[in-house]
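Read the numbers this way: they start at 1 and go in the same order the structure lists the ligands and their atoms.
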Amino acid sequence: LSERLSGVFDRLTKQGALSEDDVKTALREVRVALLEADVSLPVARDFVKKVQEQATGQAVTKSVTPGQQVVKIVHDALVDTLTGEEDPGELKIDNPPAPILMVGLQGGGKTTTTAKLAKRLKEKNGKRVLMASLDVYRPAAQDQLAVLGTQIGVDTLPIVKGQSPVDIAKRAKQQATMGGYDVYMLDTAGRLSIDEELMAEVEAVRDVANPRETLLVVDGLTGQDAVHTAENFEERIGISGVVLTRMDGDGRGGAALSMRAVTGKPIRFVGLGEKMDAVEEFHPERIAGRILGMGDIVSLVEKAQETIEAEQAERMMKRFQKGRFNMNDLKMQLEQMLKMGGMEGMMGMMPGMGKMAKQAQAAGVDDSILKRQIALIQSMTKLERANPQILQASRKKRIAKGAGLEVSELNKLLKMHRQMADMMKKMGKGGMMKQAMKAMF
Ligand code: GDP
Ligand code: MG
């Protein structure tokens, strides 16, 4: 998947600029990649359409790094689609005891997730939690939750044989109220597939408990099946969010995108293993990265950027060797410095500016000096920028006034420019230029 995308973006970055056709071609590949990541066809189609609209609106052809722009547009659109309105990790647990209903198919990870979230509520939120297993079908199911409860130090509702799930839910509510618990969690029984009996039972429990949160737990590895399950539960029971388990496996994350797009329900947590700590709130960026194979692409983009910067440096170097270093060049450098971490990081690297950087630092000057210098250059006419030697008193006054600064500050800038220009000329002759330029970019 990431290989395919890298290939596409590689071709794009080599072209230097993106045409609308290029965007289309790239997005065709993105669509295939999404399908391979297990995103459903209609979702992939819609997604690509949305990105295409966004990309076309932007000045892609003018981009210095077109590959980066496409990656960013695709990535941002993924994050956008995956992001809900509320904080996914914030469970609604006001008005104690707050009921949380856990639903899903058998083996999806309900019981495990119930315990994981109980532990999280206890440790992160400082809540008193009561867990109850409503699984009266599998012989060891209620014991399984009790064992986990002991392990994490969270109370479980005492097991009473022969009760129905609804009876247990009522008892849990009672016990939670009397025992002064903040939250009680109801771990329902699953089935191998969705059937009427299961839905009716969960519905009855829901009506008794009136849950603040109904979390659907689904196996993230099951892809489209998980989405189908979510649709069914949402329609019949109504869910407040989804927990995707087994995201520690090699699942490609596409289910998350489909899940969100199809059901409109937020993904709240992801399960990342069998251990009790292996749960975290959902981070859209991580899934987006996983779907895109972002690691590869980011390094690719960096490489592309280096190439472009090297080319730019080469061009500037040629000008400097010819003794040309005007105010436009200086402005470009100042802007570059601002972009690359400002004064502290860059000044020391620039020829002739090391001393000034130290002085500036000693005087407590920050990046605002860069901004003021840029403002001064912006206040110059084209002619003045190209030929700073023509600046006489009246011109200087006008320029300083235009930038809202003192003439003395402009004089400092001009002195700095002269020093730098001298330095560059000398180095141009001595062949040190290349090294200096490398240090600069
Ligand atoms: P339930 O039938 O829905 O209650 O599912 P369980 O909670 O009993 O989990 C079924 C199996 O999946 C157990 O062996 C769990 O340890 C395992 N499991 C649950 N969540 C995860 C997860 O996020 N990652 C991994 N690798 N295994 C999980
Ligand atoms: Mg279970």
[X] and [Y] ion-paired at < 4.0 Å:
| X | Y | value |
| --- | --- | --- |
| E280 | K116 | no |
| E90 | R268 | no |
| D135 | R138 | yes |
| E234 | K265 | yes |
| R246 | D219 | yes |
| R236 | E196 | yes |

Mark up the atoms of ligand 1 that fall under 4.0 Å of a heavy atom belonging to [X], in ascending order.
| X | answer |
| --- | --- |
| T112 | 6 (P), 7 (O), 9 (O), 15 (C), 19 (C) |
| G108 | 3 (O), 5 (O) |
| L272 | 23 (O) |
| G271 | 23 (O) |

Does [X] come within less than 4.0 angstrom of ligand 1, counting non-hydrogen atoms of the residue?
| X | answer |
| --- | --- |
| L105 | yes |
| K116 | yes |
| G107 | yes |
| G273 | yes |

**Prompt:** Does the shortest distance from the Mg ion (ligand 2) to an N/O/S atom of T111 fall below 2.8 Å?
**Reply:** yes
- prompt: Step by step, would you call K50 with T81 a side-chain hydrogen bond (donor to acceptor under 3.5 Å, both in side chains)?
  reply: CA-CA 10 Å; K50 183 171 134 193; T81 306; 3.1 Å; yes
Test salt bridge (charged side-chain N to carboxylate O under 4.0 Å, His left out) applied to D277 and R120, K119, K124, the passing residue
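Single pass found, and it is K119.
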Practice task
Walk me through it: do D167 and S164 pass the test side-chain hydrogen bond (donor to acceptor under 3.5 Å, both in side chains)?
Solution key: CA-CA 5 Å; D167 289 339; S164 73; 3.2 Å; yes
Is ligand 1 under 4.0 Å from a heavy atom in the side chain of D248, in the backbone, in both, or in neither?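 For D248, the contact with ligand 1 is made by the side chain alone.
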Checking heavy atoms under 4.0 Å, the part of Q144 that sits near ligand 1 is side chain
Quick test: of every protein heavy atom, which one is nearest to [atom], and how far off is it to 0.1 Å?
| atom | answer |
| --- | --- |
| atom 12 (O) of ligand 1 | R246 NH2, 2.5 Å |
| atom 16 (O) of ligand 1 | E274 OE1, 2.8 Å |
| atom 5 (O) of ligand 1 | G109 N, 3.0 Å |
| atom 1 (P) of ligand 1 | K110 N, 3.4 Å |

Heavy-atom side-chain contact between Q174 and T177 under 4.5 Å: no
